[in-house]
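Counting convention: from 1, in listed order, for ligands and their atoms alike. Because only heavy atoms are used, hydrogens play no part in the values below, and waters and symmetry mates are left out as well, while side chains stay in.
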Amino acid sequence: MTANYRPSEPALAKSSVNSLEIQRDVAEFGDSARSLDLSVVVPLYNEVESLPRLIAAIEQSLDPTGMAYEMVCVDDGSRDGTAALLKQLAGDRTNLRAVLLRRNYGQTPAMAAGFKTARGRVIVTMDGDLQNDPADIPKLCAKLDEGYDLVSGWRKDRQDDALTRLLPSKIANWIISRATSVQLNDYGCSLKAYRSEIVEDMNLYGELHRFLPALAFIEGANIVEVPVNHHARQFGQSKYGLGRTFRVVMDLMTVFFMKKFLTKPMHVFGMFGFASTALGLVLGLYLTVLKLFFAQDIGQRPLLMLATILFLGGLQLLSFGLISELLMRTYHESQGRPIYRIREVVGGETIATDRHRT
Ligand code: UDP
Ligand code: MG
């Protein structure tokens with residue numbers, strides 16, 4: 001017999017959103033019991049024209065499967081009437097949960113709010129602009145059932161502008177696949193399916209929704225990619241411009257650091273700090289010898305400057321590493337987050353029962 005092991009969590013699990021407002025609101029309205037087969041989480045920012053078509057398309061795709069599902073639509077402070085329409089649609093049906101954020105927080109916090117509210121054992125995320133195709137959802141769920149923790153969509157035939165979207169995305173995909181250990185063709189596709197435990201274990205900040213597979217991998221998930229449909233945007237406009245590339249690179253550095261050094265920051269800062277201090281020290285000693293034993297004038301030498309910078313910079317890195325160690329311990333201990341994730345614990349029940357009997 002197998003038993004799923006889950007580390008005990010406080011009743012109101014810590015919010016993964018960098019906003020206290022969302023943290024409190026979702027804690028009030030959230031429901032952590034996993035009573036449904038599937039939750040489809042959709043962030044919406046000014047998508048009033050797409051919304052009714054999206055709801056209809058999801059229902060059309062999922063109703064025939066017989067799955068107990070819900071749609072969790074998160075209005076991210078839209079100004080075009082999305083919220084009002086969403087409320088109305090949620091009033092008309094039982095399979096739609098509307099989460100209305102107070103202002104526009106961005107796609108990542110909107111998704112995180114949806115995750116907190118979702119009650120499905122499987123969580124599917126997708127965009128609300130009809131670029132992803134709800135008809136693909138059953139395919140993703142079937143793949144998940146084969147034993148994966150995360151199934152990521154691959155927009156094999158992507159319908160976006162070649163120069164402003166496809167090219168930056170190609171470059172970003174190439175860099176990300178080298179910097180993280182997760183080898184995917186398409187990191188930017190929002191259409192993904194997760195087992196809910198994986199989502200619960202992740203904390204989202206910044207615009208990290210693009211790196212969910214990488215974060216899930218850090219949490220030990222089995223990941224696979226399947227080709228999905230992609231359509232051109234019919235209504236409204238994209239919320240992002242070229243500036244996103246820069247933000248993606250910054251987020252990538254965070255993820256890369258988290259993957260490699262989250263539980264041992266001293267290893268990276270300490271290594272560079274030690275090397276730098278040692279080199280500075282050697283150069284300084286060399287200059288001291290020149291000055292003391294060979295009576296050379298070293299005051300004007302660039303090497304003196306270099307030795308000083310290396311020595312002081314190295315000391316700073318070392319102390320930074322120590323501070324990071326403290327922060328890392330606070331990060332894990334304040335949230336009761338273990339530094340490992342157990343998939344399952346098998347056996348051992350007999351011993352426990354025997355002990356109870358005696
Ligand atoms: N979105 C959001 N908040 C934002 C920006 C975007 O909830 O601040 C939603 C948006 O409504 C859409 C999804 O995130 O459902 C993806 O955004 P978009 O289609 O603009 O991105 P693109 O497809 O152009 O990469
Ligand atoms: Mg889009």
Side-chain angles (χ1 to χ4, degrees), residues 16-19 21-22 26 40-55 57-58 71-86 89 96-118 123-134 136-137 152-173 176 186-192 204-212 228-248 251:
S16 48
V17 188
N18 45 352
S19 154
E21 283 170 32
I22 301 179
V26 174
V40 182
V41 172
V42 190
L44 298 160
Y45 181 49
N46 296 343
E47 307 285 4
V48 72
E49 286 138 310
S50 308
L51 181 58
R53 293 170 177 84
L54 176 80
I55 303 287
I58 296 177
M71 295 172 267
V72 179
C73 291
V74 185
D75 171 62
D76 187 17
S78 302
R79 285 184 210 121
D80 67 345
T82 301
L85 179 62
L86 191 58
L89 291 168
L96 173 61
R97 269 194 147 188
V99 179
L100 311 175
L101 301 186
R102 292 205 181 135
R103 64 167 172 84
N104 178 235
Y105 289 93
Q107 195 178 341
T108 301
M111 284 173 70
F115 289 158
K116 267 282 182 277
T117 314
I123 302 208
V124 166
T125 55
M126 63 187 297
D127 283 351
D129 55 3
L130 297 168
Q131 290 200 268
N132 298 133
D133 190 346
D136 287 319
I137 298 177
S152 188
W154 171 16
R155 296 165 293 178
K156 223 171 172 173
D157 183 18
R158 193 171 159 188
Q159 304 295 322
D160 274 322
D161 184 68
L163 197 64
T164 59
R165 307 304 297 273
L166 299 192
L167 185 67
S169 148
K170 264 217 151 57
I171 299 171
N173 283 331
I176 298 173
D186 182 7
Y187 293 86
C189 182
S190 300
L191 183 57
K192 294 189 171 80
L204 297 183
Y205 298 95
E207 297 193 1
L208 284 187
H209 63 270
R210 291 192 196 89
F211 298 101
L212 283 172
V228 294
N229 296 324
H230 192 246
H231 306 292
R233 204 181 231 282
Q234 296 175 50
F235 310 99
Q237 42 188 287
S238 171
K239 313 300 178 304
Y240 301 101
L242 269 179
R244 150 158 74 183
T245 317
F246 173 74
R247 297 198 298 270
V248 168
D251 280 341

*Considering the heavy atoms of D127, write down every atom of ligand 1 situated less than 4.0 Å from one of them.*
13 (C), 15 (O), 16 (C), 23 (O)

_N229, D160, N132, D186 screened by side-chain hydrogen bond (donor to acceptor under 3.5 Å, both in side chains) with R155, the one that passes_ = D186

*Below 4.0 angstrom from a heavy atom of D76, which ligand 1 atoms are there? Numbered from 1 as shown, please.*
2 (C), 3 (N), 4 (C), 7 (O), 8 (O)

_Backbone of V48 reached by a side-chain donor or acceptor of D80 within 3.5 Å_ = yes

*asked:* If we ignore hydrogens and angles and just use 3.5 Å, is the side chain of N173 paired with the main-chain N or O of Y187 as donor and acceptor?
replied: yes

*Looking only at protein heavy atoms, identify the closest one to atom 25 (O) of ligand 1 and say how far it is in Å.*
R165 NH2, 2.8 Å

*Within the side chain of S190, is there an N or O that forms a donor-acceptor pair under 3.5 Å with the backbone of D127?*
no

*Taking NZ, NE, NH1 and NH2 as the nitrogens, is one of them in R53 or E47 under 4.0 Å from a carboxylate oxygen of the other?*
no

*Atoms of ligand 1, numbered as shown, that sit under 4.0 Å from any heavy atom of K239*: 5 (C), 6 (C), 20 (O)

_Taking atom 1 (N) of ligand 1 as the reference point, the nearest protein heavy atom with its distance_ = Y45 CB, 3.8 Å

*Quick one: does ligand 1 sit under 4.0 Å from the side chain of N104, the backbone, both or neither, non-hydrogen atoms only?*
side chain

_Residue R233 vicinity, atoms of ligand 1 by number, heavy atom under 4.0 Å_ = 18 (P), 19 (O), 20 (O)

*Among protein heavy atoms, which lies nearest atom 9 (C) of ligand 1, and at what distance?*
P43 O, 3.7 Å

*Taking the Mg ion (ligand 2) as the reference point, name the nearest N/O/S atom of D129.*
OD2

*Does NZ or CZ of R103 come closer than 6.0 Å to the centre of the six-membered ring of Y105, within 45° of the ring's axis?*
yes

*Go through ligand 1 atom by atom and flag the ones less than 4.0 Å from a non-hydrogen atom of D129.*
19 (O), 23 (O)

*Answer yes or no as to whether an N/O/S atom of Q131 is found below 2.8 Å from the Mg ion (ligand 2).*
yes

*Hey, does A110 come in under 3.5 Å of ligand 1, counting only N/O atoms on both sides?*
no

*Give a yes or no on whether the backbone of A232 and the side-chain of Q131 come within a donor-acceptor separation of less than 3.5 Å.*
no

_Test item: T82 side-chain N/O and S78 main-chain N/O as donor-acceptor pair under 3.5 Å_ = no

*Are the side chain of K192 and the backbone of G153 linked by a donor-acceptor contact shorter than 3.5 Å?*
no

_Check: Q237 N/O within less than 3.5 Å of ligand 1 N/O_ = no

_Side-chain (N46) to main-chain (R79) donor-acceptor, under 3.5 angstrom_ = yes

_Just to confirm my output: which protein heavy-atom neighbour is closest to atom 24 (O) of ligand 1, and how far is it?_
S238 OG, 2.6 Å

*asked:* List ligand 1 atoms under 4.0 Å from Q131, heavy atoms only on the residue side.
replied: 19 (O), 23 (O)

_Any nitrogen or oxygen of E47 lying under 3.5 Å from a nitrogen or oxygen in ligand 1? Just yes or no._
yes

